[in-house]
Amino acid sequence: MMKWSWWLLSVAFPMSALAAPVGLGSNDSLTRAEAINPVVLAPQTAFAAPEPGTPLYIARAVEFRASSETTGVWDQLPDRRWVWRAVIHARDALSVGVTLDASPALGRSTGHVYSPQGSSIYPLRTQTQERVHSPLVGGDTLILEIVTAAADSHPRFTISRLDYGFSDPANPSTQHKSGSCNVDTVCPEGDAWRDEIRSVASYAASSGAGTFSCTGTLLANTSGDGRPLFLTANHCISSESLANSMTLYWNFETSTCGGTPNGSRTDSQSGASLLAASATTDFALVELDARPNTAFDTYYSGWNATSSAPTQGTAIHHPLGDEKAISFEYAAPASTNYSSTGTTAAGTHWRIIDWDVGTTERGSSGSALWDQNKRIIGQLEGGGAACGNDESDWYGKLAVSWSNDGSNPCSSLSPHLDPNGTGAPTSIAGYDLNEAGGTTLPLSDACYRADGGGDNGGAIGGGSSGSLLLTWLAPLLLAGWWRRRSGLRGKH
């Protein structure tokens, strides 16, 4: 019966489509997961409410050191490659993640993390000089799998951190509950914005404190070549390591207007490179490792890099990381500086004085602001807006981000959104790009490739290594525990 379960998993997750882990195939000699002694992470305390201008944290980082020499099991495949697997169990967690130190051997390997049932599978971005962060896997247990090159016999891999999740990004029932004044994008208010709604994604990324959630938007460029350029906030993504750790969730929306939250995060992809960023307007531009799957039906939003004043503003975002919402300001956004209520034409930000429909919340950080012509004019840095108040939000101006530091490619949008340097147009409409294919290399990859892995969010603080228990359980006892918890049935 177990053999047929493995076979069904291999059909449900074909290698060609998902590059499924070999541990979910039928023709391997791997020790079954229930025979692997787990690394056990004790329960953690949840984060306090985030401060303004900081990301929404959904998992706490716990620093820990363990190597493949003392953790997990090794097996050899028929083609002479070696496979290492480890099981990590986080007690009472809603999700769990793992971080590995980068190494030459890891760079020559392929890796995955997945749930015991095989219902969640995520590849690891092993070819990096930074630490390798996994996405959060729903539930309290994940399996870490590394497949080495045939020439590498038992190389050393080092786990350097675990993430204890307080919500499961793939399970709406575990999400935070956003305010009741938020308007689902499926509602009639979103009808005129169906294209732009398709360009917005929620994402999770890993910083020194843990895993957090923000929002971003897929952008068009003047070449129309479909490079997957994604705009978000600098206070969310400020380093190459943060960009590397991103997992995007497309089409996370409710199915009915005002109905029970039931969005799906199955349309996901991982990995990005940081192209440009600036704290002045709080923007970050990343290039995704691949174009979104054509089945996700994404859209490349247009933008306006001129300083002309908009007459109204629209935001599409994921409040508290929940399903996608849309907000409207029918008055003209004011040109100002961040957190200022005064106006100046030379301001670095657009101020939404008071949302007329909907609001924004933590988790909306990095989401775009569109003008009356459906062109993006900025991204959300922060503010006090919430259901039940009349407070303001501030968006960093795309027009200022366009040519920071004399159009320095490391801190400006123009070299990336206008890659041929035409200088015109400085305002373009969005477009669909329903075609397959690869992408070009990031233009300013060198700006952040050797950034030392620095990241933000450290002020919130991670857990202590003292809370980690490395427990070696008897195989028979663990086998019984594992069958009670998951059964390893492999049903998708």
Side-chain angles (χ1 to χ4, degrees), residues 6 9-10 13 15 18-41 62-90 96-118 120-137 139 141-163 206 244-245 270-271 468 470-473 475 478-479 482 486 488 490:
W6 290 122
L9 276 169
S10 67
F13 302 102
M15 293 289 286
L18 287 176
V22 295
L24 296 180
S26 60
N27 298 316
D28 61 82
S29 59
L30 288 171
T31 304
R32 289 179 180 151
E34 66 261 37
I36 304 174
N37 292 316
V39 173
V40 179
L41 178 60
V62 177
E63 297 297 323
F64 169 68
R65 304 293 295 183
S67 79
S68 55
E69 296 174 348
T70 57
T71 305
V73 297
W74 283 98
D75 284 280
Q76 192 169 29
L77 297 174
D79 63 5
R80 303 190 64 78
R81 291 180 301 160
W82 286 91
V83 182
W84 174 64
R85 279 200 305 176
V87 173
I88 296 168
H89 173 65
V96 59
V98 63
T99 297
L100 295 164
D101 283 345
S103 69
L106 190 58
R108 294 189 298 270
S109 305
T110 59
H112 289 84
V113 290
Y114 52 95
S115 60
Q117 301 87 352
S120 299
I121 304 173
Y122 299 102
L124 296 178
R125 196 180 197 267
T126 56
Q127 288 76 31
T128 176
Q129 296 177 357
E130 312 294 340
R131 294 207 293 181
V132 178
H133 299 279
S134 82
L136 292 175
V137 174
T141 304
L142 70 73
I143 299 172
L144 168 63
E145 177 180 294
I146 306 294
V147 181
T148 72
D152 291 331
S153 178
H154 293 199
R156 177 171 176 160
F157 304 121
T158 301
I159 298 173
S160 55
R161 178 179 120 174
L162 304 179
D163 280 280
S206 297
N244 290 174
S245 72
S270 296
L468 186 78
L470 185 60
T471 305
W472 302 103
L473 303 177
L478 179 56
W482 192 274
S486 66
L488 286 175

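Note that the coordinates shown come from a computational prediction; the quantities given were computed from them, not determined experimentally.
Residue R131 comes nearest to S160 through the heavy atom pair NH1-OG, 3.1 Å, listed as atom of the first residue, atom of the second, then distance. Contact detail for S206 and R161: the closest heavy-atom pair is CB-NH2, 3.4 Å. In terms of heavy-atom proximity, H112 sits nearest to P123 at CD2-CA, 3.6 Å. Contact between G72 and I36 at its shortest, heavy atoms only, is CA-CG2, 4.1 Å.
Between W84 and F157, the ring planes lie tilted relative to each other; the angle falls in the 30° to 60° range.
Pairs of residues two or more places apart, or lying in two chains, that qualify as salt bridge (Lys or Arg N to Asp or Glu O under 4.0 Å) and include a residue from residues 96-118 are R65-D101, R108-D152.
The side-chain contact (heavy atoms from CB on, under 4.5 Å) test applied to V113 returns V98, Y122, L124, S134, P135, V137, L142, L144, not counting sequence neighbours. In terms of the side-chain contact (heavy atoms from CB on, under 4.5 Å) criterion, residue partners of S67 (sequence neighbours excluded) are, by chain and number, E69, T70, R156, T158.
Of the inter-residue distances, the one linking T148 atom OG1 with W82 atom CH2 reads 8.5 Å to the nearest 0.5 angstrom.
Side chain of S115 to backbone of S120: a donor-acceptor contact under 3.5 angstrom is found. Using a distance-only test at 3.5 Å, with no hydrogens or angles considered, no donor-acceptor pair links the side chain of Q127 to the main chain of L106.
A salt bridge is absent between R81 and E145; no separation between the charged side-chain nitrogens and carboxylate oxygens falls under 4.0 Å.
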